[in-house]
Amino acid sequence: MKQLCILCLLLPLSAVAQLDGERFLKSCASMLATNRKAASMFYTNTKREKIRHDTSSATAQSYRSRAFTYLWQSNYEEAALWLEKTGDNYPKEHGIVGELYLSKLQDYPRALHHLDAYDALTPNFDDMISNNPVSYLRGLTYRSLGDHSKAIEQFCLGIDSLAIKHGAEWVNYKHFVSRAISYIATQQPEKALTDLDKATKNFSRSALVAYHRGRAFLQLNRTIEARTAFQDASFFFKALRAERTGDYQEDDFNPVYEDEIDEALANLKTQTR
Amino acid sequence: MTSTEPEIADCRLAQWYRLERLWLICLSFAFSLVHSFVQGQTPTREQLTGTWIGVHSEWDTDFFCPLPTYIQLDTDSVYHLGMVDGSATELTSTWAVNGDLVRLDTIHFAPHLIKLQDDLLSIGTNYPMVFCRFKDISIDSASTYRHLTGHVWQSDNLTIFLYDNGQVSLENPTSKQHTSHFWRLAKFGQSVFLVIRGNQYNRDSGYKPLWQINTVSPKQIQAVGWNGCAVAMETFQLVRNILPGESSRPSGFQTCDNCFQAMWHEAPLSRSPKRYEINRVFTKHYQPVNQAGQSGLIRIQFVVNCEGEQGLFDLHSFGEDYCPKTFDCQITDQLVAICRAHVAMDPSLRMPEKTDARPQDISVSLTFRLKNGRLIDILP
C-alpha cells in the first residue's frame with residue numbers, strides 16, 4: 001500500500017497539476033524575457049522604485065514621479081509631502097499638482113490653491129495641463145465644491161474662447177458635458193441641452209452625453225425624449241464596453257455607470273405608470 | 001651606538017614581517033579586485049554550462065517568489081527550461097555566449113544582466129531570477145519517502161509537518177505561525193527534491209521553495225534550499241511522529257496563492273461598475289457621526305482569498321493635513337464592519353476577467369474622505 005502511495009507521489013499528480021506546471025513554465029519563460037533589459041523604472045517594485053528615486057538627481061520629473069508613486073501606494077502622507085515639494089521647487093508643476101489633488105485626492109481646496117498658482121504664472125493665458133486648460137480644471141474643482149455658478153464661469157472661459165476662435169467642433173465634447181452638468185444642477189436644462197447637442201456633434205456614440213441629455217429632458221418633463229436618451233445611453237454603454245475593457249469610463253471626471261442608467265430608466269417607468 | 005648581531009637579526013626579521021604583511025595586503029587587495037571584476041563580468045560559457053535549479057525570482061527587494069524551474073545549458077549549445085517536478089513539458093532550444101552577450105533561446109541578455117557569484121546565477125535586474133548550481137546526489141526516493149512521511153522535522157528556521165495524506169504544514173519556529181500546503185517527492189536526475197505546493201484547499205496556486213535532499217537518517221535529514229535568508233544546507237531534526245487524527249490547518253488567514261502581494265492583486269474598483277455599488281453600499285449603511293474635527297482620510301485595506309475568506313485588515317488614517325490621525329472608533333469600526341459585511345462578501349470581486357479562469361485572491365484598498373464625521377467621498 002505504501003509503495004502505491006510512493007508511486008502516486010512520485011508521478012505527476014494530475015492533469016490539473018500538469019496544467020499548473022505548464023502555466024508556471026510559461027510565466028518563467030516570460031519573466032526571462034522581461035529580464036533581458038535593465039528597467040529604468042520599476043513601477044510595482046515599490047522598494048526598488050524608492051531606491052531609484054533616492055539615488056536619482058532632483059528634477060521636476062523625479063519629484064512628480066515620486067509623488068505619483070506614493071499616491072499609487074495610497075501613502076497619502078508622503079504623497080502630499082512630495083506634491084507640495086514639487087510645487088514649491090518647480091512652480092510650473094503647480095498645474096499637474098493641482099490636477100492630482102483634484103482627481104486622485106479629491107482635495108478641492110488644495111487643488112484650487114495649486115491651479116490658481118499655476119494660472120498666475122501667465123495671467124493672460126489659459127494654460128494647458130495635460131489636455132485641459134487650467135480654467136476647465138478650476139471649473140471641475142468649483143463644481144465639486146458645490147459652486148456651480150463659478151464652475152460655469154470657468155468652463156465658459158475655456159469653451160467659449162476656443163469655440164469663437166476655431167469653432168465648436170474643436171472643443172472637447174467632455175467640456176460641454178461638464179458645463180451641461182452644472183447647468184442641470186442650476187436648473188438651466190435648455191442651456192444644458194444646447195451644450196449636449198454640441199457634444200453629440202463631436203462624439204455621436206457617447207453614453208455619457210446621452211445619459212445627461214436624459215437628465216436634462218427629465219427636468220423639462222419631456223419624459224418620452226428622456227426615455228429615448230437613457231435607452232441610447234444604455235445602448236452606447238454596452239457597445240463601448242464590448243469595444244474596450246470592463247472598467248472603461250468615458251470620462252473619469254464625469255463617471256457614468258450602467259446601473260445608474262438602468263435606474264434612471266426604471267424610475268421613468270415608475271413615474272409613467 | 002653599535003648594533004649587536006642579534007639586534008640586526010631582529011631588525012631584519014621585523015622588516016621581513018612588515019614586507020610580508022604588506023605583500024599579503026597587496027595580494028588580498030588584488031584578489032578582491034579580480035573577484036569584483038569577475039563578478040561584474042558576464043560569465044564565460046564554461047562557467048554557465050551545467051544545470052541550474054531555480055531558487056526564486058525577486059519581485060522586489062523584500063519579496064521573493066519561489067522558482068521551481070531548472071535551466072540546463074549543455075556543452076553542445078542545447079538549452080532546456082523545465083519544471084523540477086516534471087509537471088510541464090520541457091522547452092528545448094539553443095544557447096550561446098558572444099562576448100558580453102548571452103542568448104538563452106531567442107532572448108538576448110544585455111551585458112552584465114547575467115551574473116555569477118559562487119554557485120548562484122542571477123538573471124536580470126527587473127525581477128532578478130536566482131538559480132543555484134545543481135549537484136546531483138544519488139538518493140533512494142522510496143526510502144526517503146518512508147523516512148519523511150508522518151513526521152515533524154525542524155531546523156533553526158523552519159518546522160515541516162509532513163502528513164501521510166500528502167498535506168504539509170510549514171511553521172515558523174519563532175512565531176509559531178503556520179501555513180498549509182501539499183507535498184510530494186520529485187526525482188530529478190539521481191536526486192530527490194521535496195516539492196511543496198498549493199494551499200489549504202488544493203495543489204494549485206504556486207510553489208514553496210524546493211528542498212534538495214542530501215542525506216537521510218532516521219533522526220535527521222539534510223537538505224539544500226532557501227531558508228528565508230540564503231541558499232543553505234539545513235539540518236532538520238526529527239521532532240516527533242504526527243499523531244493519528246492530526247491534520248494540516250493554517251494558523252490564521254492564508255492566501256491561496258503562494259506568491260501573493262497585495263499591490264499586484266488589487267481589485268480594480270476605481271472605474272469599474274463595482275465603484276457605483278460600493279458608493280451606494282456606504283451611502284446606505286454608514287451612519288454619520290457628527291463630530292467636529294473628524295475630518296481627513298481613512299484608508300482600509302484587506303485581502304479576500306480565492307475561497308472567500310477575508311483577512312489582513314489594515315486601517316490607516318490621516319488628517320486634512322495628511323499627517324497620521326486617529327479617528328473616533330465609532331467611525332472606523334463602522335467602516336470596517338461595512339467592508340467585512342458588504343464588500344469582502346461579494347464573490348464577483350474574486351472572479352477573474354477570463355470566464356474559464358479560477359477565482360483568485362484579491363486585495364481591496366478603499367480610502368474614505370470624511371468631513372466632521374460625514375462621509376463625503378470615496379477616493380478613486
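Order of the sequence lines fixes the chain letters, A, B, ..., with proteins taken first and strands second; residue numbering starts at 1 for each chain. In this text, all values refer to a predicted model and were calculated from it rather than measured experimentally.
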Asks: So for S205(B), is it side chain, backbone, both, or neither that comes closer than 4.5 Å to the heavy atoms of chain A?
Replies: backbone

Asks: Give, as side chain, backbone, both or neither, the part of S144(A) having an atom under 4.5 angstrom from any heavy atom of chain B.
Replies: neither

Asks: If every non-hydrogen atom of F318(B) is compared with every non-hydrogen atom of Y322(B), which pair is closest and at what distance?
Replies: CD2-O, 3.5 Å

Asks: Using non-hydrogen atoms only, which part of E258(A) is less than 4.5 Å away from chain B: side chain, backbone, both, or neither?
Replies: neither

Asks: Taking all non-hydrogen atoms of both residues into account, name the closest pair between W59(B) and C65(B) and its distance.
Replies: NE1-CB, 3.6 Å

Asks: Measure E263(A) against the heavy atoms of chain B and call it side chain, backbone, both or neither at under 4.5 Å.
Replies: side chain

Asks: Checking A79(A) against chain B: side chain, backbone, both or neither under 4.5 Å from a heavy atom?
Replies: neither

Asks: Which residue out of L91(B), L67(B), L104(B) racks up the most heavy-atom pairs below 4.5 Å with chain A?
Replies: L91(B)

Asks: Please classify the contact between L113(B) and chain A as side chain, backbone, both or neither, with a heavy-atom cut-off of under 4.5 Å.
Replies: side chain

Asks: With only heavy atoms counted, which part of I51(A) is less than 4.5 Å from chain B, the side chain, the backbone, both or neither?
Replies: side chain

Asks: Given heavy-atom pairs under 4.5 angstrom as the criterion, report whether the side chain, backbone, both or neither of E58(B) touches chain A.
Replies: both

Asks: Scan F188(B), W52(B), F193(B) and name whichever one has a ring-ring contact (aromatic ring centres under 6.0 Å, His included) with Y70(B).
Replies: F188(B)

Asks: Which heavy atom of L121(B) sits nearest a heavy atom of I114(B), and at what distance?
Replies: CD1-CG2, 3.7 Å

